[in-house]
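Heads up, the thing below is written out as structure tokens.
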There are 2 protein chains.
Amino acid sequence: MKISTKGRYALRLAIDVARQQESGPVSLREVSERQGFSVKYIEQLAGLLMHAGILESTRGAHGGYTLARDAANISAGEILRASEGSTAPVACLDDDFGVCPMREQCTTISFWEGLDKVIETYVDSVSLADLASQPIQEGEMCEFEVDLS
Amino acid sequence: MKISTKGRYALRLAIDVARQQESGPVSLREVSERQGFSVKYIEQLAGLLMHAGILESTRGAHGGYTLARDAANISAGEILRASEGSTAPVACLDDDFGVCPMREQCTTISFWEGLDKVIETYVDSVSLADLASQPIQEGEMCEFEVDLS
DNA sequence: CTCCTTTCCTATTGTTTTACAAGGATATCT
DNA sequence: AGATATCCTTGTAAAACAATAGGAAAGGAG
């Protein structure tokens with residue numbers, strides 16, 4: 001049960017924008033240099049976050065992205081749902097799934113609903129401001145996209 | 001972030017065994033008929049659960065599987081970890097990953113650790129006895145492996 | 001002893017998803 | 001004009017997933 005690079009990169013993209021946007025719109029070129037992403041890949045993620053009303057863009061030279069709202073008002077859950085599609089642990093709990101016709105006979109649904117709930121509660125309780133306020137260190141970049149060889 | 005069929009089927013397999021084992025070892029043929037699984041596929045899962053000390057087997061005719069321990073003493077988390085490998089939301093928190101060399105500079109690790117913790121706490125709080133004690137209905141089978149066409 | 005059932009173990013295969021890259025259109029600042 | 005960006009769709013190699021296949025070993029029934 002893993003979060004994909006979409007969700008992980010989208011989080012770090014949002015954190016990067018939150019931290020850097022005071023000096024104007026943050027371009028994906030800058031972000032990619034700081035975070036070790038390819039511009040072409042995070043373009044897609046930026047698009048998703050924009051569509052979800054999390055980022056705003058200004059096009060053209062010196063353009064880039066800014067937060068559409070205050071960082072304190074954006075949750076990690078929102079970012080993950082926008083990038084990953086959903087944080088539900090089983091497909092039958094996705095918003096677009098509708099009601100499962102087998103729901104009444106299902107022995108595991110209430111277990112999955114409980115899991116879904118603790119996940120949502122947690123990711124919605126953490127704001128982008130919380131994430132962005134951690135001390136900044138040299139050589140930012142992370143998780144495990146690290147070549148250990 | 002989805003649980004794969006391994007984890008979902010393994011849970012239902014364990015529930016089925018828990019419910020049926022009073023009348024002797026439960027064969028995978030029976031389970032597959034009740035749950036709509038292929039015998040060949042859940043053979044693998046049964047093997048994983050056995051290796052993890054959750055199931056015990058008796059071979060030969062009239063053989064099958066029984067719980068290695070009391071159902072109240074087996075958690076859903078154990079079953080998921082045995083079948084899925086891990087319930088951690090990011091690979092750097094898997095047991096076999098070791099310590100990430102970038103950990104100190106990572107802006108998201110504490111967020112993922114928190115998520116991992118709420119997931120583990122929840123799945124370890126639910127026992128197989130809890131799951132198996134739900135009322136049994138006709139046409140048992142579930143989740144969303146249902147042909148909606 | 002021989003069939004039948006069942007677990008056990010390891011490949012192999014087909015499909016889907018992931019993680020990007022490519023190419024080009026559109027917008028804006030200098 | 002030209003450089004720098006976002007925007008938008010499509011393509012693709014590799015990995016993961018879901019399941020199948022084939023057969024060995026063990027134990028009960030006739």
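Taking every side-chain heavy atom of Lys40(B) into account, dG23(D) is the closest of dC8(D), dA26(D), dG23(D). The side chain of Gln44(A) lies closest to dA21(C) when the candidates are dA21(C), dA29(D), dG27(D). Closest approach to the Tyr41(B) side chain among dC8(C), dA19(D), dA25(C) is made by dA19(D) (side chain taken as heavy atoms from C-beta onward). Among dC7(D), dC29(C), dT7(C), the nucleotide with an atom closest to any side-chain atom of Tyr65(A) is dC7(D). Nearest to the side chain of Arg59(A), among dT26(C), dG27(D), dT20(D), sits dT26(C). When distances are taken from the side chain of Arg29(A) to each of dT10(D), dA5(D), dA21(D), the shortest belongs to dA5(D).
Mapping His51(A) and Gly63(A) onto DNA chain D by nearest heavy atom places Gly63(A) closer to the 5' end of the strand. Residues Lys6(A) and Gly47(B) each lie close to DNA chain C; by heavy-atom proximity, the contact nearer the 5' end of the strand is made by Gly47(B). Each of Thr58(A) and Met50(B) was assigned the nucleotide of DNA chain C with the nearest heavy atom; the assignment lying further toward the 5' end belongs to Met50(B).
At dA21(C), one or more side-chain N or O atoms of Ser38(A) fall inside 4.0 Å of OP1 or OP2 (strictly under the cut-off). Side-chain N/O atoms of Tyr9(B) include one lying less than 4.0 angstrom from OP1 or OP2 on dA19(D). Between Ser57(B) and the phosphate of dC8(C), there is a side-chain N or O to OP1/OP2 separation shorter than 4.0 Å. Distances shorter than 4.0 Å separate some side-chain N or O of Thr5(A) from OP1 or OP2 on dA19(C). Close to dA19(C), at under 4.0 Å from its OP1 or OP2, lies a side-chain N or O of Ser4(A).
Atom CD of Glu43(B) is separated from atom P of dA24(D) by 15 Å (rounded to the nearest Å). Between Phe37(A) atom CZ and dA19(C) atom C1' the separation is 13 Å, expressed in whole Å. Rounded to whole Å, the distance from CG on Leu48(A) to P on dC7(D) is 12 Å. Atom-to-atom, CD of Glu30(A) to P of dT4(D) comes out at 13 Å; the value is rounded to the nearest Å. Atom CG of Leu55(A) is separated from atom C1' of dA5(D) by 15 Å (rounded to the nearest Å). What separates CD1 of Ile42(A) from P of dT6(D) is a distance of 8 Å, to the nearest Å. Look at CG on Leu49(B): it is 16 Å from C1' on dC9(C), rounded to the nearest Å. A straight line from CD1 of Ile3(A) to C1' of dA19(C) spans 16 Å, rounded to a whole angstrom.
Of the possible donor and acceptor atoms, one in the side chain of Ser4(A) sits under 3.5 Å from a partner among the backbone N and O of Lys6(A). At distances below 3.5 Å, at least one donor-acceptor pair connects side-chain atoms of Arg69(A) with backbone N or O atoms of Gly53(A).
When side chains are defined from C-beta on, Val26(B) counts as touching Asp16(B), because their heavy atoms get closer than 4.5 Å.
Looking only at atom types and distance, the side chain of Tyr9(A) has no donor-acceptor partner in the side chain of Ser83(A) under 3.5 Å away. At a cut-off of 3.5 Å, with distance as the only test, no side-chain donor of Tyr65(A) or Thr58(A) sits close to an acceptor on the other residue.
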Derivation of the ring-ring contact (aromatic ring centres under 6.0 Å, His included) call for Tyr122(B) and Tyr122(A):
CA-CA 12 Å; Tyr122(B) 175 77; Tyr122(A) 175 77; over 10 Å; no

